[in-house]
Amino acid sequence: MAIHPTTLIDSKAEIDSSVEIGPFCVIGPNVKIGAGSIIKSHVVINGHTTIGSNNEIYQFASVGEANQDKKYKGEPTQLVIGDSNVIRENATIHRGTVQDNGITIIGNHNLFMASTHVGHDCIVGDNNIMANFAALAGHVKVGNNVILGGYTGIHQFCQVNSYSMCGMGSMVSKDVPRYIMVSGSPAKAHGMNFEGMRRRGVPADIIRALRTAYKTVYLKGLALEAALQELEQGDLFHIPEVTEYVLSIRQSKRGIVR
């Protein structure tokens, strides 16, 4: 284990022998760090925090610290981080609260750029990118393959569904359906993330079907329920991607960005 002599590690922390830890880091007693992870320098990892394998955490990040909810009274809540994530400078990721499930969860292969923030009780999936200063308030759910542009703010309890994209400076106070691109303050829909789909090899016929589904919900002037019923009763609904798009709207509790 390569640990700089200026780093402070509690004797109760569980750290794999292959982990590298640079100077002036502080690792708390209930922290677990998996194989191949690299902690650069001046990083604080605290609380009941479990970090998987092959993660990189850059200088001045604060991971697993007490959340910013005023109701928090020091309960032993958790932060669980998966594998192969990159957490850049000044990023903050907080553990959960007992008012929710008591746990903040980060998946795999995510990039948290400098000064990003993940609030308490958030659930973040896989292969997401949060650009500089993007922030998730408490209880936010982010799917997979989502891009949050710089300075994007997601309101508490919102859901940002898979393959969606939020432009720089977006202020999101409602749910973002699957595949949708939004921007603005307040955020509004501006089409689907078709370019992202093409880059991931989504076939042209699926993209055409999703384009029609988008127009039905956003451009035909229908009430939302009428638009969803039209899609559910139409020929496109048997296509899994269209079904997932409709379901991401159906399960919304806050209403969707339109």
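These values consider heavy atoms only, across backbone and side chains, with no hydrogens, waters or symmetry-generated copies. Predicted, not measured: the structure shown is a model, and the values here were computed from it.
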query = Taking Arg258 for the side chain and Val217 for the main chain, is one N or O donor matched with an acceptor at less than 3.5 Å?
reply = yes
ask   = Looking at side-chain heavy atoms only, is the closest gap between Val118 and Leu79 below 4.5 Å?
value = no
query = Does the pair Ile87 and Val43 meet the rule for a side-chain contact (heavy atoms from CB on, under 4.5 Å), with working shown?
reply = CA-CA 11 Å; Ile87 300 170; Val43 173; over 6 Å; no
request  = Compare every heavy atom of Cys122 with every heavy atom of Ala137, then report the nearest pair and how far apart it is.
outcome  = O-SG, 3.0 Å
ask   = Is there any side-chain hydrogen bond (donor to acceptor under 3.5 Å, both in side chains) pair reaching into residues 25-50, and which pairs are they, with sequence neighbours excluded?
value = Asn46-Glu65
Determine all donor-acceptor pairs shorter than 3.5 Å in which one atom belongs to a side chain in residues 103-111; sequence neighbours excluded.
residue: Thr104; atom: OG1; partner: His94; partner atom: O; Å: 2.8
residue: Thr104; atom: OG1; partner: Gly96; partner atom: N; Å: 3.4
residue: Thr104; atom: OG1; partner: Asp121; partner atom: N; Å: 2.8
residue: Asn108; atom: OD1; partner: Asp83; partner atom: N; Å: 2.7
residue: Asn110; atom: OD1; partner: Asn127; partner atom: N; Å: 3.3
residue: Asn110; atom: OD1; partner: Asn128; partner atom: N; Å: 2.9
residue: Asn110; atom: OD1; partner: Asn128; partner atom: ND2; Å: 3.1
residue: Asn110; atom: ND2; partner: Asn85; partner atom: OD1; Å: 3.0
residue: Asn110; atom: ND2; partner: Asn108; partner atom: O; Å: 3.4
residue: Asn110; atom: ND2; partner: Gly125; partner atom: O; Å: 2.9

remark   = For Pro177 and Ser164, the nearest pair of non-hydrogen atoms, with its separation, is O-CB, 3.7 Å
query = To which residues is Tyr151 joined in a hydrophobic cluster, defined by side-chain heavy-atom contacts under 4.5 Å among Ile, Leu, Val, Met, Phe, Trp and Tyr, whether direct or through other members?
reply = Phe133
message = Met197 vs Glu241, test: side-chain contact (heavy atoms from CB on, under 4.5 Å). Steps then yes/no.
response = CA-CA 11 Å; Met197 296 181 207; Glu241 288 81 359; over 6 Å; no
task = State, yes or no, whether a side-chain contact exists between Glu232 and Arg250 at a heavy-atom distance under 4.5 Å.
result = yes
request  = Answer with yes or no whether the hydrophobic clustering places Phe24 together with Phe60; edges join I, L, V, M, F, W, Y residues whose side-chain heavy atoms lie under 4.5 Å apart.
outcome  = no
Arg254 side chain to Ser173 backbone, donor-acceptor under 3.5 Å = yes
inquiry  = Suppose we screen for side-chain contact (heavy atoms from CB on, under 4.5 Å). Which residues come up paired with Ala209, at least two apart in sequence or across chains?
reply    = Leu236, Ile239, Val242
task = May I ask whether Ile3 and Val19 are part of the same hydrophobic cluster, defined by side-chain heavy atoms of I, L, V, M, F, W, Y residues being less than 4.5 angstrom apart, directly or through others?
result = yes
task = Would you give the length of the straight line joining atom CD of Gln59 to atom SG of Cys25, rounded to the nearest 0.5 angstrom?
result = 9.5 Å
key: Contact summary for Thr243 and His238, nearest pair of heavy atoms   = OG1-C, 4.4 Å
query = How long is the gap from OG1 on Thr216 to CD on Glu230, to the nearest 0.5 Å?
reply = 5.0 Å
key: Validation row: Ile154, Val142 side chains within 4.5 angstrom (heavy atoms)   = no
task = For Thr7 and Gly22, indicate whether the former's side chain and the latter's backbone hold a donor-acceptor pair under 3.5 Å.
result = yes
query = CD1/Ile33 to CD1/Ile45 distance, rounded to the nearest 0.5 angstrom?
reply = 4.0 Å
request  = Write down the atom of Ile9, the atom of Ala13, and the distance for their closest heavy-atom approach.
outcome  = CG2-CB, 4.0 Å
message = Do Asn161 and Val176 make a side-chain contact, defined as non-hydrogen atoms from C-beta onward lying under 4.5 Å apart?
response = no
inquiry  = Looking at Ser248, is its backbone amide N or carbonyl O close enough to the side chain of Tyr245 to form a donor-acceptor pair, meaning the two atoms are under 3.5 Å apart?
reply    = no
Heavy-atom closest contact (Ala66 atom, Arg95 atom, distance) = N-NH1, 3.1 Å
task = Identify the heavy atoms of Ala134 and Gly149 that sit nearest to each other, and give their distance.
result = CB-O, 3.8 Å
key: Set of residues satisfying side-chain contact (heavy atoms from CB on, under 4.5 Å) with respect to Arg208, sequence neighbours excluded   = Ala204, Asp205
task = Mind checking side-chain contact (heavy atoms from CB on, under 4.5 Å) for Ala189 and listing every partner two or more places apart, or none if nothing turns up?
result = Ile180, Tyr214, Tyr218
query = With hydrophobic residues grouped by side-chain heavy-atom distances under 4.5 Å, do Ile93 and Tyr58 end up in a single group?
reply = no
inquiry  = Are Leu219 and Leu224 linked, directly or through intermediate hydrophobic residues, by side-chain heavy-atom contacts shorter than 4.5 Å (ILVMFWY only)?
reply    = yes
message = Salt bridge or not between Asp10 and Lys12? Use side-chain N to carboxylate O under 4.0 Å.
response = no
task = Walk me through it: do Thr97 and Lys71 pass the test side-chain contact (heavy atoms from CB on, under 4.5 Å)?
result = CA-CA 8 Å; Thr97 65; Lys71 298 185 295 297; over 6 Å; no
task = Starting at OG1 of Thr212, measure out to NZ of Lys220 and round the result to the nearest 0.5 Å.
result = 9.5 Å
query = Only one of Ile147, Val257, Asn193 clears side chain to side chain contact (heavy atoms under 4.5 Å, CB included) with Met181; which?
reply = Asn193
ask   = By the rule that ILVMFWY residues connect when side-chain heavy atoms come within less than 4.5 angstrom, directly or transitively, which residues belong alongside Leu8?
value = none
task = Please lay out, stage by stage, how Cys166 and Leu148 fare under the test side-chain contact (heavy atoms from CB on, under 4.5 Å).
result = CA-CA 5 Å; Cys166 299; Leu148 302 182; 3.7 Å; yes
request  = Consider only side-chain heavy atoms of I, L, V, M, F, W and Y, link residues closer than 4.5 Å, and tell whether Phe112 and Ile123 are in one cluster.
outcome  = no
ask   = Quick one: does Asn145's side chain get under 4.5 Å of Ser162's, heavy atoms only?
value = no
note = ring pair (Phe, Tyr, Trp, His ring centres under 6.0 Å) pairs touching residues 169-192, sequence neighbours excluded, are Tyr163-Tyr179
inquiry  = Show me the pairs that pass salt bridge (Lys or Arg N to Asp or Glu O under 4.0 Å) and involve residues 151-180, at least two apart or across chains.
reply    = Arg178-Glu244
remark   = With sequence neighbours left out, the residues meeting side chain to side chain donor-acceptor pair (under 3.5 Å) with Asp100 are His139
task = Taking the side chain as every heavy atom from C-beta outward, state whether Met130 and Val124 have any atom pair closer than 4.5 Å.
result = no
ask   = Can you check whether Gly167's main-chain N or O pairs, donor with acceptor, with Thr152's side chain at less than 3.5 Å?
value = yes
query = Which residues pass the side-chain contact (heavy atoms from CB on, under 4.5 Å) test with Asn54, sequence neighbours left out?
reply = Ser84
Contacts of type side chain to side chain donor-acceptor pair (under 3.5 Å), residue Gln99, not counting sequence neighbours = none
